[in-house]
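Beneath this line is the structure, given in structure tokens, with notes to follow.
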Amino acid sequence: NAGVTQTPKFQVLKTGQSMTLQCAQDMNHNSMYWYRQDPGMGLRLIYYSASEGTTDKGEVPNGYNVSRLNKREFSLRLESAAPSQTSVYFCASKRDRGLDEQFFGPGTRLTVL
Amino acid sequence: DAKTTQPNSMESNEEEPVHLPCNHSTISGTDYIHWYRQLPSQGPEYVIHGLTSNVNNRMASLAIAEDRKSSTLILHRATLRDAAVYYCILRDGAKGNKLTFGGGTRVLVKP
């Protein structure tokens, strides 16, 4: 099993450009999450999806949209990137609504100039 | 959401135990205590979790105070690979989907 995979690993954007971060998991997990981590800080939840077809806002959703394409894939879109969105983005998944552990991907390092 | 307080950093010598404290004085009855760690340039990984009783697994032990207002993660024999940021997180058992990360404790292991 590959676990949680994220693409791309690195990305540089100019202010105003758009892009989509891709996340996929092969563990048949129901819940998926997007976090961002700014330098020296803990992770903050952007959006999450408790099951296929549902999405909910987290702590810092402004400037982002998400799509739960199917059970495996959960994408994060920046429609008009801003320098404040420079961060490392982590995707995670969890088996169900209970207290199972979350499994994290390796992250996408995004720089917005 | 109930918050946790952890020291910013700790140092340990290799092959010695490491005790990482976490204060959570506003913990509620349905909050579980979770620990995750983040190795350099990686995503976080689960370490352990508990509710009231002490817990052991292959990675660590979790000691929970009787009043549940504090807990301690114990790494029994630190190795260089244990150098990471350790996060203590409270997760509401009634609505357990979200993790709220604080600043964590950066652990440095000296050879």
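Sequence lines set the chain letters: A, B, ... in the order given, protein chains first and strands last, and positions in each chain run from 1. As the structure is a prediction and not an experimental result, all values here were calculated from the model.
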B:Arg106 CZ: over 12 foreign heavy atoms closer than 6.0 Å: no

Residues, nucleotides or ligands: over 12 heavy atoms within 6.0 Å of B:Arg77 CZ: no

Residue A:Gln6 versus chain B: region with a heavy atom under 4.5 Å: neither

Winner by heavy-atom pair count (cut-off under 4.5 Å) against chain A, out of B:Ser41, B:Pro44, B:Gly43, B:Gly103: B:Pro44

Nearest non-hydrogen partners of B:Gln38 and A:Phe90, listed with the distance: NE2-CZ, 3.6 Å

Side-chain donor or acceptor of B:Tyr36 paired with backbone N/O of A:Gln102 under 3.5 Å: yes

Atom pair CZ (A:Phe104) and OH (B:Tyr46), whose distance is rounded to the nearest 0.5 Å: 13.0 Å

Transitive ILVMFWY side-chain link A:Tyr48 to A:Tyr64, under 4.5 Å: no

Flag side-chain contact, heavy atom, 4.5 Å: B:Leu99 against A:Tyr33: no

same_hphob_cluster(A:Leu13, A:Trp34) at 4.5 Å side-chain heavy-atom cutoff: yes

Within 6.0 angstrom of B:Arg68 CZ, more than 12 heavy atoms from elsewhere: yes

